[in-house]
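Remember, predicted model here, so these are calculated numbers, not experimental data. Scope of the values below: all heavy atoms of this structure, side chains included, with no hydrogens, waters or symmetry mates. For the single chain, residues carry numbers from 1 onward in sequence order.
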Amino acid sequence: AAAPASRRDPDLGEALGWVLGALALEPRWLAARADVDRRHAPDVVRDLALRRLLALRADAAAARVAAEAARGLSGEAFREAHGAALHAATSAAWDGVRAARDGDAALLASRLRGAEAGEALRRELVERFDEDWWRNPRTGGHLASLLAAGRLPPPGEPREGGLAARRLVAALEGLR
């Protein structure tokens with residue numbers, strides 16, 4: 001049974017997306033499910049981690065500018081601030097027209113919160129079901145119960161920030 005819309009956590013989908021995307025950072029999963037040769041898996045993991053880290057940085061920069069837009073920044077000033085923020089985050093030049101895709105502060109904030117909650121959930125899955133949690137038949141039931149509840153369990157203690165980014169940096173450095 002699905003939770004009614006009023007009880008659904010908007011960050012749940014982003015968190016589950018993060019957890020499922022984290023499978024691509026697991027060399028054993030890549031070998032078993034994506035037919036990646038084990039000797040190429042570290043390169044694939046670093047490549048995918050870099051892409052996710054770049055997307056996370058871009059979302060964080062865009063969220064900051066979108067929050068400013070919610071307080072009244074608009075027009076050319078918004079486009080310039082967006083370009084400057086994304087350039088600082090990614091070292092790439094951003095056309096002003098791309099700012100329009102990043103105007104929704106709530107969506108960007110949900111992505112960032114979802115990444116953090118998703119990484120915390122991934123760590124919980126590893127603790128509860130072991131390193132190869134995706135192979136454990138009980139994992140499906142656990143994730144299904146989260147979907148049915150429509151929300152993530154509240155964190156037992158305050159989370160330290162940057163869990164998602166640190167996980168990606170560790171994957172880039174080959175530390176998993």
Indicate yes or no: at least one non-hydrogen side-chain atom of R128 is less than 4.5 angstrom from one of R138.
no

So, E14 side chain and R113 main chain: donor-acceptor pair closer than 3.5 Å or not?
no

Taking all non-hydrogen atoms of both residues into account, name the closest pair between L30 and A41 and its distance.
CD1-O, 4.3 Å

From CZ (R111) to CH2 (W18), nearest 0.5 Å
12.5 Å

Candidate pair E173 and R46, rule side chain to side chain contact (heavy atoms under 4.5 Å, CB included), full reasoning:
CA-CA 8 Å; E173 295 173 342; R46 280 191 298 276; over 6 Å; no

Under 6.0 Å from the six-membered ring centre of W133 and within 45° of its axis: does the NZ or CZ of R122 meet both?
no

Tell me whether L54 is reachable from L86 by hopping between hydrophobic residues (I, L, V, M, F, W, Y) whose side-chain heavy atoms are closer than 4.5 Å.
no

Are L121 and L112 connected into the same hydrophobic cluster when the rule is that any two of I, L, V, M, F, W, Y join if their side-chain heavy atoms are below 4.5 Å apart?
yes

Between the main-chain N or O of G162 and the side-chain N or O of E116, is there a donor-acceptor pair closer than 3.5 Å?
yes

Looking at R57 and A89, would you say the former's side chain and the latter's main chain have a donor-acceptor pair under 3.5 Å?
yes

Do L146 and L163 share a hydrophobic cluster (ILVMFWY, side-chain heavy atoms under 4.5 Å, transitive)?
no

Are the side chains of R151 and D11 in contact, using a 4.5 Å heavy-atom criterion?
no

Please give me the minimum heavy-atom distance between A117 and L152, naming the atom from each residue.
CB-CD1, 3.5 Å

If hydrophobic clusters are built from ILVMFWY residues whose side chains come within less than 4.5 Å, do L25 and L56 share one?
yes

Looking only at the side chains, is there a donor atom on one of E26 and W134 sitting less than 3.5 Å from an acceptor on the other?
no

Spell out, yes or no, whether L48 and V19 are grouped together once hydrophobic residues are joined by side-chain heavy atoms under 4.5 Å, including indirect joins.
yes

Just checking, is any N or O donor in the side chain of E68 or H82 under 3.5 Å from an acceptor N or O on the other one?
no

After noting the C-alpha distance and the side-chain angles of E127 and R123, does the key distance pass the salt bridge (charged side-chain N to carboxylate O under 4.0 Å, His left out) rule?
CA-CA 6 Å; E127 271 184 37; R123 289 178 178 200; over 6 Å; no

Would you check if E119 and E124 make a side-chain contact, meaning some heavy-atom pair closer than 4.5 Å?
no

Given side chain to side chain contact (heavy atoms under 4.5 Å, CB included), test D43 with D47 step by step and report yes or no.
CA-CA 6 Å; D43 293 331; D47 221 16; over 6 Å; no

For the backbone of R39 and the side chain of D37, can you confirm whether one donor and one acceptor N or O come within less than 3.5 Å of each other?
yes

Between R166 and G161, is there a donor-acceptor pair closer than 3.5 Å when you use the side chain of the first and the backbone of the second?
yes

When every non-hydrogen atom of H87 is compared with those of A93, the smallest separation belongs to ND1-N, 4.1 Å

Are the side chains of L125 and D130 in contact, using a 4.5 Å heavy-atom criterion?
no

In short, A24 meets V45 closest at the heavy-atom pair O-CG2, 4.1 Å

Under a 3.5 Å distance rule, please check whether S110 uses its side chain to pair with a backbone N or O of A106 as donor and acceptor.
no

Report the C-alpha distance between L172 and L50 in whole Å, list the side-chain angles of each, state the deciding distance to 0.1 Å, and finish with yes or no for side chain to side chain contact (heavy atoms under 4.5 Å, CB included).
CA-CA 7 Å; L172 280 169; L50 182 60; 3.8 Å; yes

For D102 against L108, the heavy-atom pair lying closest together:
O-CD1, 3.5 Å

For V65 and A85 the tightest heavy-atom approach is CG2-CB, 3.5 Å

